[in-house]
Amino acid sequence: MQVSLREPKKIMKLAKLGCFHQSKLSFLRSFLKEFKNWKYNRDLFDLDENGYGRAVYSFSKNKRIYSLICFANKIDDTERSDRVIATKWDAAFTLHDGIPAKKDLDRLSNNVPKQEVGRMSYKELTLSRANKSVRIFNHVVECLSNGKQPDKDKISEVGYLYRTTAVYGSGKFGLADRFRIKNRNEIFGPFRLEMMLVYLVRQFTFDQVNHIAKNKNPKKAITLDENICRNLGIGNSTGLGMAPFIVNHPTLLNNWILARETVLKKIREIKNVDLKNQNIFKTCLKKSLGNISSWSTESDFQKKKILNLNEDLNKFLKFLDESNIFDKNYAFNEIYLWCEKNLKDECIEYIVSMMMEPFDDIVEPHIYKMSSDEDKYFTIPTDRTVEDLRSILEQKYSDILKIDFSKTNSNKNFWFISKNKEEPRLADRFIDEGSDLEQPLAIARDICLLYSRISNKKNSLNIGRFLLENNDLRHVIRRAFITEKFPYAEIQDNTIGSELMAIDMLRLKLSFFGAVKFDPRSDKWLRISMFQGAPLPQDLKSFDDHWIYNSLN
Amino acid sequence: MKSFSEIDTVVKRATKGVGFNWGVAEEVGKNIKLLEMFGLPGLKNLNDYFNSLKSKKFQNLTFISNHNQSKIPYCPIISGISFLDQVNELKELINIKIENMSYPILFLPFLSRASEVIGKKISFKFDENIFLFNFNQNIYSNYFSNKILENAKLTEINFIENNNTFSQEEWDNLYKLSTNTFVEESDELKKSAAGAGLTDND
């Protein structure tokens, strides 16, 4: 039986993309699998009694070494801010290519804590900073120094000791350009080095908290229980800076979504699902319920989604118990079709992620197809014709062409780069200044304009000639020809309309990272958790691949 | 050192900042990154060109013919965009002259990318400087300066037919040497090779 890929027009709607969950394809999970046979080491741990100083952690294999360099600093409570405009953090980190020499450490100690205003070199691969969850961190120090383990319920409320507020890579602030390292097999999957940084930072947080407790009360202090450590991740506060990424990298976006869709299609095409795989699916599903019950948020938007997810999952579990669905051929196709008919998007996408759990053989090959050589598709094929372009727009953008941009609500917002922090922001076109400096992220509006411009042009006119008078639409002509080749390259929605929920864009990207417990703090930023439940470095050689459902929280 | 990613981003924004549209700005970002990767002074020339926009006028060369002349210097960016967009038609012209081209270094990446689009090498000459564009894989040149070049009185573009750089005789000689690695096949092996024993008309 052949199952079709799900329609891009249906999948690429923001409300749908904003319901995506982590899966076996997620970058933090594939990172751990890739690096499980690498040697982990803590090379330097030079902190004072208050936990300030520097530390170095590394992963090495054969002659390749990646070193995380940590700088822990004293800051006042009044200086601590998760906003991107902050200038001081509890700790700052960089991932260095190789073993850092003393002069590298000295150079980096002057630059890494400054983050955006510091300068890195081509020897550094990623850059980040993090703040303590002060309430939890202090509670853990207090308990450990008094010889007690911390209150599990209390730390469950947060799920991490530190949260990062940015993780930079790919040439930012002087970091190594992607081309320098792109041929390394171990980092073929996207964001591998960003994931490595976050994972090693997690270990630093445990070592730091143990170190401070020990110094506070050397005779009585104990170390943080390893099972508690495994259930702690790293938090992250993410704002609009992340949103334009998925618009600015269309072929990459396509490759992420196409991997997910192709895996789903192949799973739906399995005729007989054996008992072992049925059980993995059912076990992961049941264990994952713990992640949902511990998913806390103040956001009404997210609360409603979680409530719907819970209701739908109970409905689904009842269906699974009563239907004997696995007695049928193509059981996962039957399950998927039932979900489509009976459940909301949040739960449908949850179950899609869960379906992948038993099928390493299907999922793994797609992990290596999730990067993209974007420059290859940059040049516009100007020998093509207006007829070709019209056909692409009508086929690939049919829903977008229905949007009426003469309405105020369709044009409500504009994207701009803030002057003070050089970060993307969203503003109201009819209230705020600056729409004349709008970023080219209003793809739907510009595609509609392009369609109207070609309406009276001859079919045979080539694109080179059309561009002579229409160069202002060059950016969307380029995209249209990319979308022709890459069906999931384009968000099929209006990114400047009054109904826009920018956090849907963030959630899409974060789900591919492998983040869980999305906690929107407004319609423009959210908190998440990464690596919660993940194996510790000493567990990497042999760990449960479904660790993400092991969380006790 | 600035990373190429930073160069791309800042150049793209600066190009929009001086008044070009976003689509053109994207092209210029990629182009300056390309020049800098090839070791040519792209950013330096672009910066000077953008500064000169405050006090000088430049002509947009939108439709390229085999001989292009203007009293006002041509904008290298719009000239380059036009060349890239029209290259499939222009390649029939074999030779194109553009007089009074400002900042000719900024025109180079468009030629390099055009060479890849049409699958032909392109040569570009002005003054004593010669550039050969090899399918956007590299730029071969006798130009090693890190200076700003404000203007080229006459530039000449040639499309180079896909010919080998060596003679048939040289090829034959090398081929003969390569046969020294071959092994004579036995009659028995010849009989069992692919297609053996069948007629091609069955």
Side-chain angles (χ1 to χ4, degrees), chain A residues 116 119-125 127 168-180 244 248 374-385 415-417 419 422 436-443 446 450 462-480, chain B residues 1-10 12-31 33-34 36-37 60-64 75 77-92 109-119 135-137:
Chain A
E116 292 94 337
R119 284 304 293 174
M120 307 307 127
S121 79
Y122 68 90
K123 290 199 252 176
E124 282 74 55
L125 306 167
L127 175 73
Y168 297 113
S170 288
K172 283 243 180 165
F173 317 114
L175 293 167
D177 280 300
R178 176 84 185 156
F179 82 90
R180 291 182 185 274
N248 287 333
E374 295 177 309
D375 285 354
K376 217 168 141 183
Y377 309 99
F378 181 75
T379 299
I380 298 170
T382 51
D383 56 335
R384 301 284 297 278
T385 63
W415 291 88
F416 68 101
I417 302 288
K419 204 161 201 167
E422 298 192 13
D436 52 326
L437 298 171
E438 181 172 17
Q439 290 287 301
L441 298 167
I443 305 303
D446 296 348
L450 175 62
N462 77 31
I463 298 301
R465 294 289 176 114
F466 176 74
L467 277 163
L468 280 174
E469 290 172 0
N470 296 283
N471 227 339
D472 57 317
L473 293 175
R474 192 175 187 88
H475 62 295
V476 275
I477 294 172
R478 191 191 324 282
R479 294 187 76 92
Chain B
M1 186 187 172
K2 304 295 178 205
S3 70
F4 295 115
S5 164
E6 286 175 300
I7 290 170
D8 188 343
T9 303
V10 169
K12 182 170 72 176
R13 289 176 184 167
T15 307
K16 172 67 178 166
V18 298
F20 290 94
N21 64 55
W22 276 116
V24 171
E26 287 168 349
E27 305 278 353
V28 179
K30 292 271 180 276
N31 281 358
K33 182 172 92 171
L34 188 79
E36 295 291 333
M37 282 183 98
N60 287 342
L61 175 56
T62 49
F63 191 81
I64 297 179
C75 163
I77 291 171
I78 297 302
S79 305
I81 292 270
S82 304
F83 187 88
L84 184 62
D85 288 350
Q86 294 159 36
V87 71
N88 283 296
E89 297 167 46
L90 294 174
K91 67 185 175 192
E92 308 302 332
F110 290 108
L111 294 169
S112 183
R113 290 169 57 202
S115 165
E116 185 181 24
V117 169
I118 58 169
F135 317 115
N136 207 26
Q137 298 297 307

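The figures that follow rest on heavy atoms only: side chains count, while hydrogens, waters and symmetry mates do not. Numbered from 1 within each chain, the chains take letters A, B, ... in sequence-line order. Keep in mind it's a predicted model, so treat the numbers as computed, not measured.
Neither the backbone nor the side chain of A:Ile477 has a heavy atom closer than 4.5 Å to any heavy atom of chain B. Contact of B:Val117 with chain A is made through the side chain alone, with heavy-atom distances under 4.5 Å. If you measure heavy-atom distances from B:Lys33 to chain A, the contacts under 4.5 Å come from the side chain alone. B:Asp85 touches chain A through backbone and side chain together, each having a heavy atom under 4.5 Å away. Contacts of A:Glu374 with chain B are absent, with no heavy-atom separation under 4.5 Å from either backbone or side chain. In this structure, chain A has a heavy atom under 4.5 Å from the side chain of B:Lys30, while its backbone stays farther away. Interface residue B:Glu89: only side-chain heavy atoms are found under 4.5 Å from chain A. Proximity to chain B (any heavy atom under 4.5 Å) is restricted, for A:Arg465, to the side chain, taken from C-beta onward. Of the atoms belonging to A:Gln439, heavy atoms from both backbone and side chain fall under 4.5 Å from chain B. Residue A:Thr379 touches chain B through both its backbone and its side chain, counting heavy-atom pairs closer than 4.5 Å.
Note: A:Ile417 leads A:Leu473, A:Val476, A:Ile417 in heavy-atom pairs under 4.5 Å with chain B. Heavy-atom pairs under 4.5 Å with chain A were tallied for B:Glu27, B:Glu116, B:Arg13; the largest tally goes to B:Glu27. In terms of non-hydrogen atom pairs under 4.5 Å with chain A, the most contact-rich of B:Asn60, B:Thr62, B:Asn21 is B:Asn21. Most heavy-atom pairs under 4.5 Å with chain B: of the set A:Met120, A:Arg119, A:Glu469, A:Arg474, this distinction falls to A:Arg474. Considering only heavy-atom pairs separated by less than 4.5 Å from chain A, the leading option among B:Gln86, B:Lys16, B:Glu6 is B:Glu6.
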Practice item. Apply side-chain contact (heavy atoms from CB on, under 4.5 Å) to B:Val87 and B:Leu111, showing your working. Key: CA-CA 9 Å; B:Val87 71; B:Leu111 294 169; over 6 Å; no

Exercise. Does the side-chain contact (heavy atoms from CB on, under 4.5 Å) test come out yes or no for B:Phe20 and B:Thr15, once each step is laid out?
Worked result: CA-CA 6 Å; B:Phe20 290 94; B:Thr15 307; 3.7 Å; yes

B:Ser82 vs B:Ile64, side-chain contact (heavy atoms from CB on, under 4.5 Å): CA-CA, chis, key distance, verdict
CA-CA 7 Å; B:Ser82 304; B:Ile64 297 179; 4.0 Å; yes

**Q.** Derivation and outcome, side-chain contact (heavy atoms from CB on, under 4.5 Å), residues B:Lys12 and B:Trp22
**A.** CA-CA 8 Å; B:Lys12 182 170 72 176; B:Trp22 276 116; 4.1 Å; yes

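Side-chain atoms of A:Ser121 and A:Glu124 form a donor-acceptor pair, as typed in the model, at a separation below 3.5 Å. Between the side chains of B:Ser115 and B:Asn136, no donor-acceptor pair of N or O atoms lies under 3.5 Å.
The shortest distance between side-chain heavy atoms of A:Thr382 and A:Asn462 does not fall below 4.5 Å. A:Asn248 is listed as a side-chain neighbour of A:Leu441, based on a closest heavy-atom distance under 4.5 Å.
Taking each heavy atom of A:Ser170 and B:Ser5 in turn, the nearest pair found is O-OG, 3.1 Å.
In A:Tyr122, the OH atom is not crowded: 12 or fewer heavy atoms of neighbouring residues, nucleotides or ligands sit closer than 6.0 Å.
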